[in-house]
Amino acid sequence: KHALVQEAAYTSLLKSRRRELHRAAAKALNESFLELTKIRPELVAHHLTEAGEAEQAVEAWQIAGERAASRGAYMEAGKHFSKALEVLYVLPDSPDRTQLELPIQISIGHVVSAIKGFGSQEEIQAYARAKQIAEQLGDSPQFFFILLGLWSTSNTRSEINAAQEVADEMLRIAERDKTPMPLVWACLTQAIQSYGRGDFSSVGQYYEKLIEQYNPDEYSWAPFDPAVSILTHTSLALWHLGLVEQARQKSKEQLERGLQISAPNEAMGRLGACTLNFYLREGDAMHENAKRILEIAEEQKLPSFMAWGTMYCGAALILQGKPEEGLPLMSKGVGEYLASGTHSSLGQYLCFMAEGYAQMGDMEQAIATMENAFGAAPEERMHFPELYRVHADLLLKKPDCDLDEVENEYREAIRVSQQFGSITQELRAVTRLGRLLQSRGRSDEAFELLAPLFEKFSEGFDTHDLREAKSLLIELSVNQST
């Protein structure tokens, strides 16, 4: 009843009088309650909006959104940025209004990538509008961050070539201006692009350059910290280069950094760990990381991470020999992943599913899924060594398999691995080919392929790949001695 009386009294006031009261409230907050205003800037934004002070209100809503984003409250941040845009459109169309709109659209793009998913339609629309505004205004310091958003949408849709063009322009601007923050983001995009091209040795170089320029206090506005994000590709590149222990160390460092910053960054760290777990065939560790990703995704409303967590839970179960449990999760996760607008690494996820179907004995579905994997993201060639090798593994399990065809697939996996300098993928394919050659009475040829490659490794001897290769080498050595 008391609230109803208050509401009736408020609505009975003249509009001009209500505006005066809100103006006074905003002034009081700014002058006498600075700590409260710092913690709850949306209170000032609300009173300025109701007072009809549109331009000041827009700025206040922008501050409120940035404050929410800095503490990982992306849903709240999105509402504040949307309110800023709503109030902005009350102002007459003018160059000043257009200037005010630009940072809001960029902020919306950053936030919706988290709450709607990487590559979502809302993210694309926000950055497209920001680009349109920047073109109207001419040279703008915000243009670099518009490019960052455009790069993100191309990258998450597996448009490697288009993303490379944007990343190169970002690097050109960053190197021209010699400003640390743009250099950090440019190094991140170049590291991810290098990984996507299979240029694994360059990933670490960009990581070192990023760390030289990185100041952790400057990135609280970003949903995902660049120094956390880059470590996914840094650790995976080290795995490809045969530096398994260093890959594990970078993965550990990534998770530690993420835990220090925010729950979404922890999720990013665990996502990187899941991918490395898969390459190392560590099903139990992957399952634990994936379950934590799902918890964070549910708490923070992160659809892309919900999809990733579901897929990796499924992949972990497949690795644990439980395909009847893992495949439904993989299928559900892939559907959610595509629905969020993201296609990145889709071929690899379909490859997981193909291995699951093979475990179930459904070879027809397994091979059909592998064929889809090749076509899912043709520009992501860094996954091709794995795809060719798994395809050969599946063909070999067919009762009427053509052994020459299987051998050619393994050799193609080896060729592409060598092209990219991935000695770990090469070792996998050579070990599989070695087993095939051994079964065909060509043990000497198998030994000559495997022995010099195995000698290139100096760490990671506890991993499945190196243990399998060593076991085969021992068998082949016995064959040679006899």
One thing to verify: whether [Y] and [X] come together as a salt bridge, which I'm taking to mean a side-chain N less than 4.0 angstrom from a carboxylate O.
{"X": "Lys209", "Y": "Glu212", "answer": "no"}
{"X": "Arg292", "Y": "Glu288", "answer": "no"}
{"X": "Arg129", "Y": "Glu101", "answer": "yes"}
{"X": "Asp393", "Y": "Arg432", "answer": "yes"}
{"X": "Glu336", "Y": "Lys332", "answer": "yes"}
{"X": "Glu76", "Y": "Lys83", "answer": "no"}

If I take atom [atom1] from residue [X] and atom [atom2] from residue [Y], how far apart are they, to the nearest 0.5 angstrom?
{"X": "Lys291", "Y": "Cys274", "atom1": "NZ", "atom2": "SG", "answer": "11.5 Å"}
{"X": "Met306", "Y": "Leu294", "atom1": "CE", "atom2": "CG", "answer": "6.0 Å"}
{"X": "Met170", "Y": "Phe144", "atom1": "CE", "atom2": "CZ", "answer": "3.5 Å"}
{"X": "Cys313", "Y": "Met286", "atom1": "SG", "atom2": "CE", "answer": "10.0 Å"}
{"X": "Thr234", "Y": "Glu208", "atom1": "OG1", "atom2": "CD", "answer": "8.5 Å"}
{"X": "Lys456", "Y": "Leu427", "atom1": "NZ", "atom2": "CG", "answer": "10.5 Å"}

Using distance alone, with no hydrogens and no angle criterion, decide if [X] and [Y] have a side-chain donor and acceptor under 3.5 Å apart.
{"X": "Asn155", "Y": "Ser152", "answer": "no"}
{"X": "Glu169", "Y": "Trp151", "answer": "no"}
{"X": "Asp168", "Y": "Gln164", "answer": "yes"}
{"X": "Ser107", "Y": "Gln62", "answer": "yes"}

[X] (side chain) donor-acceptor with [Y] (main chain) under 3.5 angstrom:
{"X": "Ser94", "Y": "Arg97", "answer": "yes"}
{"X": "Asp225", "Y": "Ala227", "answer": "yes"}
{"X": "Glu459", "Y": "Glu245", "answer": "yes"}
{"X": "Ser235", "Y": "Thr232", "answer": "yes"}
{"X": "Thr369", "Y": "Gln365", "answer": "yes"}
{"X": "Thr275", "Y": "Leu271", "answer": "yes"}
{"X": "Gln425", "Y": "Ala413", "answer": "no"}
{"X": "Tyr206", "Y": "Thr189", "answer": "no"}
{"X": "Gln254", "Y": "Val228", "answer": "yes"}
{"X": "Ser194", "Y": "Gln190", "answer": "yes"}

Parallel, tilted or perpendicular for His233 and Tyr195, by the 30°/60° rule?
->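 Perpendicular: the ring planes of His233 and Tyr195 meet at over 60°.
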
Parallel, tilted or perpendicular: which fits the ring planes of Tyr388 and Phe374, with parallel below 30° and perpendicular above 60°?
->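 Rings of Tyr388 and Phe374: tilted, 30 to 60°.
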
Do you know the tightest heavy-atom contact between [X] and [Y]?
{"X": "Ala366", "Y": "Ala358", "value": "CB-N, 3.8 Å"}
{"X": "Ser154", "Y": "Ala162", "value": "OG-CB, 4.3 Å"}
{"X": "Ala57", "Y": "Ala45", "value": "CB-O, 4.1 Å"}
{"X": "Gln105", "Y": "Ala130", "value": "CB-CB, 4.1 Å"}
{"X": "Leu350", "Y": "Ala376", "value": "CD1-CB, 4.0 Å"}
{"X": "Ile296", "Y": "Pro264", "value": "CG2-N, 4.2 Å"}

Would you say Gln348 has more than 12 foreign heavy atoms packed within less than 6.0 Å of its CD?
->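 Buried by this count: over 12 neighbours within 6.0 Å.
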
Would you confirm whether the ring centroid of Tyr214 sits within less than 6.0 angstrom of the ring centroid of Tyr219?
->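 Judged by ring-centre distance (under 6.0 Å), Tyr219 and Tyr214 do meet the cut-off.
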
Would you please indicate if the ring centroids of Phe81 and Trp61 are separated by under 6.0 Å?
->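 No: the rings miss the under 6.0 Å criterion.
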
Checking ring pair (Phe, Tyr, Trp, His ring centres under 6.0 Å) for the pair Tyr337/Phe305: CA distance, chi angles, key distance, verdict?
-> CA-CA 9 Å; Tyr337 193 62; Phe305 283 88; over 10 Å; no

